[in-house]
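Down below is the structure, laid out as structure tokens.
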Protein chains: 2
Amino acid sequence: MNIGQASKASGVSAKMIRYYEQTGLIPKADRKDSGYRDYSPSDVHMLRFIRRARDLGFSVAEINDLLSLWRDKARQSADVKRIAQAHIAQLQERIENLNQMAATLGTLVDCCAGDDRPDCPILADLEEPGAAPASVPAATGRLRHRP
Amino acid sequence: MNIGQASKASGVSAKMIRYYEQTGLIPKADRKDSGYRDYSPSDVHMLRFIRRARDLGFSVAEINDLLSLWRDKARQSADVKRIAQAHIAQLQERIENLNQMAATLGTLVDCCAGDDRPDCPILADLEEPGAAPASVPAATGRLRHRP
DNA sequence: GATGCAGGTTCCAATGATGGGAAGGTCAAG
DNA sequence: CTTGACCTTCCCATCATTGGAACCTGCATC
């Protein structure tokens, strides 16, 4: 099975399949005489596992751990659960940050006339947090890189 | 005022101040004879504006628009409001994605014994979405880059 | 004056996950 | 045999941010 087929069957782009191989997340694929990568159904299975984990927001590093456990028939489910719980905690932290941002902005938007006049509580708050009429505590935890 | 002072006063790292200047988000700073950048209180004011907007999750591109409006004394508050509303919509999209992920994972975690046995509904679901006992519809919208 | 340290300057590189594209080889159908 | 779809590798860009190297300046202390 060529990489394109594996890509379609797994939902992982060919680019990413090569990237995962290069970074060691997945083992090097077999090659045909032509030099083309050759994938088995079980490779596709693994790719779908990865795709699904990405869909659930796991980082590649976390997926690495999950894959190890997946392959380890003597794993302890507690180890998997721990990773998942840690990830949920991360998700919730991000969610809280985003909620805080949205709430603050929402309050400001509600106070903004949104007409042709220049007065704007949104800009006023950006200028001087809390100075605007209906401001709300600032988001404290910075959320770098796709907050 | 040196860049270090401006950094402390604004909460924007010196690195980022130079980066913002380089990319044209902020105008080129004045220079002293020594070649050191020289910041006025109004520069710091602008940096704090940027910092606050970043804290609210605005991208640099959006901040560029906000800064233009901020400087434009004849702006229309509707323009600001539109940017803010679009941003809120983005935030909410991300929040929904994250909530979906957390919910799915939460369900799986609840089904996982978390003991020393290998059976694990979390891995089972990653392997075959929906096959595990208490699974939940998969997150559909991919959330690339810090979802 | 000399020395040292804090802090400034520029430039280059890396992050994480992904997409884009160029230059060239392979395969199947026509 | 040609055509077009697909594969290969390699490099570059994204976005915001950090880190470090190599070098220069400002100020205080000996």
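Quick caveat, the model's predicted, so the values are computed rather than measured. Below, read A as the first sequence line, B as the second, and so on, with proteins coming before strands; counting in each chain starts at 1.
- Atom-to-atom, CD1 of B:Ile50 to C1' of D:dA16 comes out at 13 Å; the value is rounded to the nearest Å.
- The distance between atom CZ of B:Arg18 and atom P of C:dG8, rounded to the nearest whole Å, is 7 Å.
- Close to C:dT10, at under 4.0 Å from its OP1 or OP2, lies a side-chain N or O of B:Arg31.
- Rounded to whole Å, atom P of D:dT17 lies 10 Å from atom CG of B:Asp55.
- Taking the nucleotide of DNA chain C with the nearest heavy atom to each of B:Asn2 and A:Gly35, the more 5' of the two is matched to B:Asn2.
- The distance between atom CZ of A:Phe58 and atom P of C:dG16, rounded to the nearest whole Å, is 18 Å.
- A salt bridge is absent between B:Asp119 and B:Arg117; no separation between the charged side-chain nitrogens and carboxylate oxygens falls under 4.0 Å.
- The nearest whole Å value for the distance from the CG atom in B:Asn64 to the P atom in D:dA16 is 11 Å.
- Applying the 3.5 Å distance criterion, the base of D:dC6 shares a donor-acceptor pair with the side chain of A:Tyr36.
- Looking at which nucleotide of DNA chain D each of B:Ala61 and A:Glu21 is closest to, the 5′-most match is held by A:Glu21.
- Shown here for B:Ile122 and A:Ala84, the closest heavy-atom pair between the two residues is CD1-CB, 3.9 Å.
- The base of C:dG19 lies outside donor-acceptor range of the side chain of A:Tyr19, with no N or O pair under 3.5 Å.
- Residue B:Ser59 places none of its side-chain N or O atoms closer than 4.0 Å to OP1 or OP2 of D:dC15.
- Taking the six-membered ring where tryptophan is involved, the planes of B:Phe58 and B:His87 are essentially parallel, since the angle between them stays under 30° and well short of 60°.
- Residue whose closest nucleotide on DNA chain C sits further toward the 5' end, between A:Lys15 and A:Ser34: A:Lys15.
- In this structure, B:Arg37 reaches the sugar-phosphate backbone alone: every heavy-atom distance under 4.0 Å involves primed, P, OP1 or OP2 atoms, never a base.
- The one candidate from B:Val60, B:Leu66, B:Ile63 that meets the side chain to side chain contact (heavy atoms under 4.5 Å, CB included) condition with B:Ile50 is B:Ile63.
- Electrostatic pairing of A:Arg52 and A:Asp55 does not count as a salt bridge here, judged by no charged N lying under 4.0 Å from a carboxylate O.
- Distance, B:Ile17 CD1 to C:dT10 P: 13 Å, rounded to whole Å.
- The separation between B:Met16 atom CE and C:dT15 atom P is 18 Å, rounded to whole Å.
- Contact annotation: B:Tyr20 reaches the phosphate of D:dT17 (side-chain N/O to OP1 or OP2, under 4.0 Å).
- Distance B:Asp30 CG to C:dG8 P: 17 Å, rounded to the nearest Å.
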